[in-house]
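One structure is given here, and the rest of the page talks about it.
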There are 2 protein chains.
Amino acid sequence: MAAASPTALARCCAPIAGPALSDEEAQQLERVFKALADKHRVKILNRLLSADGDAVCACDFEDLLGLKQPTVSYHLKQLFEAGIVTREKRGSYAYYAIADDAMAQVCGLLGAPA
Amino acid sequence: MAAASPTALARCCAPIAGPALSDEEAQQLERVFKALADKHRVKILNRLLSADGDAVCACDFEDLLGLKQPTVSYHLKQLFEAGIVTREKRGSYAYYAIADDAMAQVCGLLGAPA
DNA sequence: ACAGGATATCGAAAGTTCTTGATCTCTGCC
DNA sequence: GGCAGAGATCAAGAACTTTCGATATCCTGT
C-alpha cells in the first residue's frame, strides 16, 4: 500500500490536456479520479472543504454518511492514498483534513487554470 | 439510459466546495467523476483535448487504446452520457469532440475558479 | 498492568464495471 | 433491392469495489 505525502497529488502526474499520455500517466490520473468517484467520498470532501482547513475527527463521518466504522475507515483510506486528504493522529483519535490545495491541484490535472 | 445534451454538465450539480450536499447532489458528482475514472477514458479525453476542439472519428480510438470496437463504443458512451463529449454522425462514421468547456466545468464542481 | 475506547485491517458476500463475440441497425454504393 | 462497412447494443464472464462482522492494534486513564 502506497503511503501518500501531503504533496503526493502535486507531483503525481501529467495533466490530461497536454502531450499524449503514457499508460502509466493515464493510470495515475485514473487513480485520482477514482478516489473522487463515490458519493460517500464526495460527502467527506464536502465536509472537509466547509471546515475550511480544519481537521475533522474520523468518528464524525460515521453519522454523516450512515455507514459503519470499518466502511468509513475504508473510504478515508482511499482519499488518503490518493493524496487528497491528510491524516493526523491525536491520542486515540484520527483527524482528517483536506490536503493543501488538493482541489486546485486536481483542476491542474484537468488542464484548466488552478 | 439518460441522453446527454451539450450543456448537461453545466447544469448538473452543486459544487463540492459549498453548502452540505444532499444524497442526490453527491450521487450526481459521483457520476461525473466516475466518467473520468478509467485510464482508457482518460486517454480518449487527452486525444480530444489535443485535437483542440476538432472532432475525432470513433474508429481512431481502437488503435489508440488497443481495445475491440464494442469496448471503445462502451467507453465513448460513458463520456457522452456524462456530458463530457459530444457525438456527431457523418455518413456511417461517428465523430466525437470535447463538449464546450467540459474541463473548466468539472473544475467548477471542484470549487476552484473555472 | 489492565480495562475501555477509537481506529485499522482482514475476509467473505454482494454489487458494479469492464471486456468481448455475436448480432443488429444504419448509411452509402452498385 | 442487396451488399459492405461503421458503429451500437446485447449477453455472459472476468475483474474490481463496496460493505460489514470479527479481530487486531494502539492510546489513555486507573
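Side-chain atoms are counted along with the backbone in the values below, which use heavy atoms only and exclude waters and symmetry mates. All chains are named by letter (A, B, ...) in the order of the sequence lines, taking the proteins before the strands, and each is independently numbered beginning at 1.
- OP1 and OP2 of C/dA8 both lie 4.0 Å or more from every side-chain N or O belonging to A/Lys77.
- Looking at the side chain of B/Ser92, the nearest of the listed nucleotides D/dC10, D/dG5, D/dT19 is D/dG5.
- Nearest to the side-chain atoms of A/Pro70 among the listed nucleotides D/dC20, C/dT7, D/dT19 stands D/dC20.
- In this structure, A/Arg87 forms no cation-pi arrangement with A/Tyr96, as its terminal cationic atom is not both closer than 6.0 Å to the ring centre and no more than 45° off the ring axis.
- Using a 4.0 Å heavy-atom distance criterion, A/Arg90 is classed as making no nucleic acid contact.
- Between the side chain of B/Gln105 and the backbone N or O of B/Asp100 there is at least one donor-acceptor pair closer than 3.5 Å.
- Of the two residues near DNA chain D, A/Asp38 and B/Lys89, the one whose nearest nucleotide lies more 5' is B/Lys89.
- One interatomic measurement links the two molecules: CD of A/Glu88 to C1' of D/dC27, which rounds to 15 Å at whole-angstrom precision.
- A heavy atom lying under 4.0 Å from DNA chain C marks the following residues of residues 58-68 of chain B, by number: B/Leu67, B/Lys68.
- With sequence neighbours excluded, no residue forms a salt bridge (charged side-chain N to carboxylate O under 4.0 Å, His left out) with A/Glu25.
- The nucleotide whose nearest atom lies closest to any side-chain atom of A/Lys34 is, among D/dT19, D/dT17, D/dT18, D/dT17.
- Backbone-only contact: B/Arg87 has heavy atoms under 4.0 Å from sugar-phosphate atoms and none from a base.
- For A/Ser50 (side chain) and A/Asn46 (main-chain N/O), a donor-acceptor pair under 3.5 Å exists by modelled atom type.
- Comparing D/dG7, C/dA8, D/dT18 against the side chain of A/Tyr96 picks out C/dA8 as the nearest.
- The residues B/Lys34 and A/Asp38 are annotated as not salt-bridged, no charged nitrogen and carboxylate oxygen being separated by less than 4.0 angstrom.
- Within a 6.0 Å sphere centred on CG of A/Asp23, other residues, nucleotides and ligands contribute more than 12 heavy atoms.
- A heavy-atom distance below 4.5 Å is not found between the side chains of A/Tyr95 and A/Asp60.
- Taking every heavy atom of both residues into account, A/Ala17 and A/Gly111 meet most closely at CB-CA, 4.1 Å.
- Computed from coordinates, the B/His40 NE2 to C/dT20 P distance equals 8 Å when rounded to whole Å.
- The environment of CZ in A/Arg31 is crowded: more than 12 heavy-atom neighbours from other residues, nucleotides or ligands sit within 6.0 Å.
- Residues B/Val106 and B/Phe33 share a closest heavy-atom pair of CG1-CE2, 4.0 Å.
- Rounded to whole Å, the distance from OH on B/Tyr74 to P on D/dA11 is 16 Å.
- Counting only heavy atoms from C-beta on, B/Tyr93 has its side chain closest to D/dG7 among C/dA6, D/dG7, D/dT9.
- Between the CG atom of B/Leu36 and the C1' atom of C/dC18 there is a distance of 17 Å, given to the nearest Å.
- Under 4.0 angstrom from either OP1 or OP2 of C/dT19 there lies no side-chain N or O belonging to B/Thr71.
- Here D/dT17 presents its C1' atom at 19 Å from CZ of B/Phe33, a figure rounded to the nearest Å.
- Comparing the start and finish of the helix from C/dA1-D/dT30 to C/dC30-D/dG1, five pairs each, the helix axis swings through 20°, to the nearest 10 degrees.
- In this structure, A/His75 does not reach the D/dT17 phosphate: none of its side-chain N or O atoms is under 4.0 Å from OP1 or OP2.
- At a cut-off of 3.5 angstrom, counting only N and O atoms as typed in the model, there is a donor on one side and an acceptor on the other between the side-chain of B/Gln69 and the base of D/dA8.
- If you measure from atom CG of A/Leu76 to atom C1' of D/dT17, you get 16 Å, rounded to the nearest angstrom.
- B/Lys39 has its NZ atom 14 Å from the C1' atom of D/dC16, to the nearest Å.
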